[in-house]
Protein chains: 2
Amino acid sequence: MSERVVPAADRRRRRPTKAGVVLSEELIVETALRLIEEHGADALSVRRLGRALGADPSSLYRYFRHTDDLLLAVADELIGRTLRTWCPTGDWRADLRDLGLRMHAGALAQPRAAVLSSYRVTGRVHEIQAVEAILGVVRGAGFPDPEAVRIYHAFVDQCLAFGALDSASIAMPKTARAADADVWRATYARLPAATHPHIAATARHLVADMPRSSYPAALDLLLSAAAARLAEIRAGEEG
Amino acid sequence: MSERVVPAADRRRRRPTKAGVVLSEELIVETALRLIEEHGADALSVRRLGRALGADPSSLYRYFRHTDDLLLAVADELIGRTLRTWCPTGDWRADLRDLGLRMHAGALAQPRAAVLSSYRVTGRVHEIQAVEAILGVVRGAGFPDPEAVRIYHAFVDQCLAFGALDSASIAMPKTARAADADVWRATYARLPAATHPHIAATARHLVADMPRSSYPAALDLLLSAAAARLAEIRAGEEG
DNA sequence: TTAACAGGTCAACGATGTTGTCATAAGGTG
DNA sequence: CACCTTATGACAACATCGTTGACCTGTTAA
């Protein structure tokens, strides 16, 4: 085993499946994405994917070494799609905010791929494009290189981390989600001020705020910290 | 089924396992934590946990409805342990920073529990303690209630999200991790400036920065944004 | 035309979470 | 002390999962 996978470029023989399908890395990734869109993230398994393609599950191992590799390819395709819908305006802060929200939404649709791509480096085309684009925005804003990289890193990781998190929440059966939201009403909002003064004082806001994603707020905090830092840097240069 | 689980308080009959162990929610959670500490997060499965306890796996379903419930209990225990090592000083920013780093480190040790507890509400004792404590710090700093909740929410979620992420990275076999780190050297650092100017310009910093966690940086950005906001609020009150 | 071999298929392995059923010992009651 | 109820542990089974080794066949290059 271990070297069953042939690099995409070297593939010659296009032998059709029993069901008549001609496999390819592209087709597999597309089908995987379709599967997830239609039936949720948990619907993606090697076996189901094989079934959806009309091929034996083990065939996929001729294209991907293991599931992780497949998920990384899916993630990269997703990055590409997100990037294509993004039109930077030249205002760094607005551009980053927009991209962050888009990538977060994209990750929402792809929890497992999002988790993977957040701590793995694919080195694939779309990932590289994204790195180049974001670094361009940050450097264009005026951050010196070491700080630009730090901000790039925090920005990307924050986006992917929240994406993975929020998508897990969305994937819950909605009865369970409702039950969770209710804990804030039924448990937290009922705590007596005597023992839990801070929770009691803010109960109303907790009930309203906690069931929603905090990503937009976290993103804005990150961006405004970056903006403040940029102002410092500019002041330092002038003075 | 569905109602095989008896609330901890109502338990009477302490019938020992074949192996002579007397089960309890407490013992199960402790054993789960030990299992993870000793053999990594992936070592935690119902079956392995049963084996470690000297009990049939299915017995655990008398104590937890499903694996998620067990993980939530583990997460809550972990929150408790973390909280106990934290001694707030009164300086809100330093205290939050310290707690953030501690909780992140705790989550690192418990990836699966961390993910779960980040998007679920347990309503268990330690979680409540943590909410009360953090809200106390934020409100004590002078944030008005709605904003205090927003900052609390972003702070906690970011901490757990990065914790889950970074722990996934740590859990990788170290050969794979080295390979990933090498992508920055072998792929990114080799991209020509002609096609990828920003990556080329910052390659040195990318290689150094990307394999590390960006959580401390992200945390500092969040805290400094919060500090700036607080300054604004104070100025507004005075003016 | 043929021979090599890429690539599809089959069957199997061991692992997972979960549940329906059964057996038994604990503990309240008389 | 004995009895009955029932809480709780054990067993066996199910469906699912990723993965691999061996096999077989159609494509393609010579």
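Model, not experiment: these values are computed from the prediction.
The OH atom of A:Tyr188 sits 3.0 Å away from atom CD of B:Glu127, with the distance rounded to the nearest 0.5 Å.
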Salt bridge (Lys or Arg N to Asp or Glu O under 4.0 Å) between B:Arg34 and B:Glu77, worked out: CA-CA 12 Å; B:Arg34 193 167 47 73; B:Glu77 173 59 25; over 6 Å; no
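Residues passing the ring pair (Phe, Tyr, Trp, His ring centres under 6.0 Å) test with A:Tyr119: none are found, sequence neighbours excluded.
Ion pairing between B:Asp180 and B:Arg177 fails under the 4.0 Å rule for side-chain N and carboxylate O. For A:Arg124 and A:Glu25, the salt-bridge test passes: some basic side-chain N is under 4.0 Å from an acidic carboxylate O. A salt bridge links A:Asp68 to A:Arg120: one of the charged nitrogens lies within less than 4.0 Å of a carboxylate oxygen.
For B:Tyr61 and C:dG17, the OH to P distance is 6 Å, given to the nearest whole Å. Between the CG atom of A:Asp69 and the C1' atom of D:dT19 there is a distance of 13 Å, given to the nearest Å.
Checked against the 6.0 Å centroid threshold, A:Tyr215 and A:His104 count as a close aromatic pair.
Of the residues in residues 42-51 of chain A, those with a non-hydrogen atom less than 4.0 angstrom from any atom of DNA chain D are A:Ser45, A:Val46, A:Arg47, A:Arg48.
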Under 3.5 Å, which N/O atoms of the protein pair with N/O atoms of nucleotides 8-10 of chain C?
{"unit_1": "C:dG8", "atom_1": "OP1", "unit_2": "A:Arg15", "atom_2": "O", "d": "3.4"}
{"unit_1": "C:dG8", "atom_1": "OP1", "unit_2": "A:Tyr63", "atom_2": "OH", "d": "3.1"}
{"unit_1": "C:dG8", "atom_1": "N7", "unit_2": "A:Arg62", "atom_2": "NE", "d": "3.0"}
{"unit_1": "C:dG8", "atom_1": "N7", "unit_2": "A:Arg62", "atom_2": "NH2", "d": "3.2"}
{"unit_1": "C:dG8", "atom_1": "O6", "unit_2": "A:Arg62", "atom_2": "NH2", "d": "2.2"}
{"unit_1": "C:dT9", "atom_1": "OP1", "unit_2": "A:Lys18", "atom_2": "N", "d": "2.7"}
{"unit_1": "C:dT9", "atom_1": "OP2", "unit_2": "A:Asp56", "atom_2": "N", "d": "3.1"}
{"unit_1": "C:dT9", "atom_1": "OP2", "unit_2": "A:Ser59", "atom_2": "OG", "d": "3.4"}
{"unit_1": "C:dC10", "atom_1": "OP1", "unit_2": "A:Lys18", "atom_2": "NZ", "d": "2.4"}
{"unit_1": "C:dC10", "atom_1": "N4", "unit_2": "A:Ser58", "atom_2": "OG", "d": "2.8"}

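The shortest side-chain heavy-atom distance between B:Leu33 and B:Arg81 falls under the 4.5 Å cut-off.
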